[in-house]
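Labels below follow one simple rule: chain letters A, B, ... track the order of the sequence lines, proteins then strands, and each chain is numbered from 1. Scope of the values below: all heavy atoms of this structure, side chains included, with no hydrogens, waters or symmetry mates.
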2 protein chains.
Amino acid sequence: MNARPQPPNSTPVGDAGNSARNGDAPGGVAPPARIAQTALYLEVAERLRQSIFAHELAPGDWVDEQALAADYGISRTPLREALKVLATEGLVTLKPRRGCYVTEVSEQDLDDIFPLMAMLEGRSAWEAARKCQPEDLARLEEIHARLESYAAANQVDLFFEANQDFHRLIQELSGNRWLLQLAQDLRKVLKLTRMYSLTVDGRLQQAMAEHQVIMAALRQRDADAAEAAMRDHLLAGRKALARPLGARPPAA
Amino acid sequence: MNARPQPPNSTPVGDAGNSARNGDAPGGVAPPARIAQTALYLEVAERLRQSIFAHELAPGDWVDEQALAADYGISRTPLREALKVLATEGLVTLKPRRGCYVTEVSEQDLDDIFPLMAMLEGRSAWEAARKCQPEDLARLEEIHARLESYAAANQVDLFFEANQDFHRLIQELSGNRWLLQLAQDLRKVLKLTRMYSLTVDGRLQQAMAEHQVIMAALRQRDADAAEAAMRDHLLAGRKALARPLGARPPAA
DNA sequence: CTTGATAATACTGTATCCATAATTATGAAT
DNA sequence: ATTCATAATTATGGATACAGTATTATCAAG
């Protein structure tokens, strides 16, 4: 029992899994322009995540601490702290005395994770349907419209981004901080696979059709229907991912 | 793309959230007897969790880094790394430049978390019912029997421990590593509340009755029934917790 | 030529040190 | 007497230095 500097003025709980990002030059050293209010290790963690998602650090790769520290223009200390965070999130694996490796996601992992995501996102949709206000729905409609145009133009990358926004907004609308947290943790892991499913044949159109059902349920504020639609949407996503895995070049 | 020391020999993924513990003297310095294969920061993290669950570090408390480091007989570096991990788990809150505080769980948080736990543990029971083998069931029966005797003797602490084992084993039997991970993350947060619900009136007996239903479903390998029973069990737990919160002395 | 042991190298893990920012205490002015 | 401003103290955040262990390369023996 101690509270020397000051008992926290009733701040309920911390947001683990921040998303700080700054516009540092990718290869340059950090100039003294760091007035940042956000902890360095969190910025580094986010930057590492981006590198991992972009497969600059590919699954199975060894993470060279001093090389990265030199590259980022920082010392090893905040980098190591960031790696601890990513390890807790499951993005990297820390082997004692052997270093840090980017996590590899197996087919089994996907089979395990997708049903969970379906549950969590289904629940999000359920809660969102009950709580969302007209202005929330409007924001969803806006993203939905963007998705539509991206799908029509076959803009896979933009579609992917907007799709993330769509799902994330629904999770936020659920108003359940913990639900959001869990879903995002799993999504981070899924992003390791690069989700090539979206590039498959008519997956974009199929996804849009599924989104339509979700939107319809939300508009009617039918929680059970929204939950079912979202769950089906996720499970369909797993199926689409099932076929092409392994043999799919980046196609940049 | 780099893999200098050695490409990880196909180890799929790391277990975030280790549970390493050694028998160090609580206040003594760590002698050179550390041949430990487990990283120090993980040991420290586990020790901090125990302190938090035991309310030696109570919700809202400030965590004094150097005092703790001195107490543990280590430097601040591994302690800080451990705190980053706990922050990611949601057990503590790191405020930039202001220090580290033990997370406080609100009533709202409980309302958010319990339905999630009900979902996750329900799913665990569902998967466990389909996958469990006779020997697995035997282990469950053993724990179940212990619970029965503890309940009869009103041994709350022992009951609590065995109850954790019961739930955890079912989650393990689900064979879904990610499901286990999510459920345990949430359970850690719930443990912050000390779960006084078990001490209330006939809650132990009620919990046993609910466990009976779960066991019956598992014996018959009825996945849907097991899921429903587990879900109801968790939600009943929330109700039991609803009344007495706030006014419940430790009663050591 | 292959296989084993030994030495060298390099990286991880921990400790110590320094700078910066926040909090607190003290003093002065209203 | 109360309040605001300023200075001192203290803790956090980051960098650097050091120790220990794993890996790799070299060399010798079979």
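Partners of Q133(B) according to the side chain to side chain contact (heavy atoms under 4.5 Å, CB included) rule, which considers only residues two or more places apart in sequence or in another chain, are E135(B), D136(B).
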>> side chain to side chain donor-acceptor pair (under 3.5 Å) for R168(A) and Q184(A)? Distances and angles first, verdict last.
In response: CA-CA 8 Å; R168(A) 186 188 166 110; Q184(A) 285 197 256; 3.3 Å; yes

>> Evaluate L182(A) against L120(B) for side-chain contact (heavy atoms from CB on, under 4.5 Å), listing each step before the verdict.
In response: CA-CA 11 Å; L182(A) 294 187; L120(B) 294 174; 4.0 Å; yes

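Distances shown here put a side-chain N or O of W62(A) below 4.0 Å from the OP1 or OP2 atom of dT12(C). For dT12(D), neither phosphate oxygen OP1 nor OP2 lies less than 4.0 angstrom from any side-chain nitrogen or oxygen of R98(B).
Residues R177(B) and Q108(A) have side chains that never bring a donor and an acceptor to within less than 3.5 angstrom of each other.
Counting to the nearest Å, the P atom of dG13(C) and the CD atom of E43(B) are 13 Å from each other. Between the CD atom of E65(B) and the P atom of dA11(D) there is a distance of 10 Å, given to the nearest Å. Distance CG (L42(B)) to P (dG13(C)): 10 Å, rounded to an integer number of Å. The nearest whole Å value for the distance from the CG atom in L79(B) to the P atom in dA11(D) is 14 Å. Put simply, OH on Y41(A) is 11 Å from C1' on dG13(D), counting in whole angstrom units. In this structure, the CD atom of Q66(A) is 15 Å from the C1' atom of dT14(C), given to the nearest Å. For the pair R80(A) CZ and dG13(D) P, the interatomic distance rounds to 17 Å; values are reported in whole Å. One atom, CG of D64(B), and another, C1' of dA11(D), lie 8 Å apart when rounded to the nearest Å.
A donor-acceptor contact shorter than 3.5 Å links the side chain of N176(B) to the backbone of D112(A).
Under a 4.0 Å N-O distance rule, the pair E121(A)/R187(A) qualifies as a salt bridge. Between E142(B) and R139(B) there is no salt bridge, since no side-chain N of the basic residue sits under 4.0 Å from a carboxylate O of the acidic one.
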Would you tabulate the pairs of protein nitrogen or oxygen atoms and nucleotide nitrogen or oxygen atoms of nucleotides 5-8 of chain D closer than 3.5 angstrom?
none

Give each protein N/O atom lying under 3.5 Å from an N/O atom of nucleotides 16-20 of chain C, with the pair distance.
| residue | atom | partner | partner atom | Å |
| --- | --- | --- | --- | --- |
| dT16(C) | O4 | T77(B) | OG1 | 3.4 |
| dT20(C) | O2 | R97(B) | NH1 | 3.1 |

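Within 6.0 Å of CG on D157(A) lie no more than 12 heavy atoms contributed by other residues, nucleotides or ligands.
Between Y41(A) and L94(B), the closest side-chain pair of non-hydrogen atoms falls below 4.5 Å.
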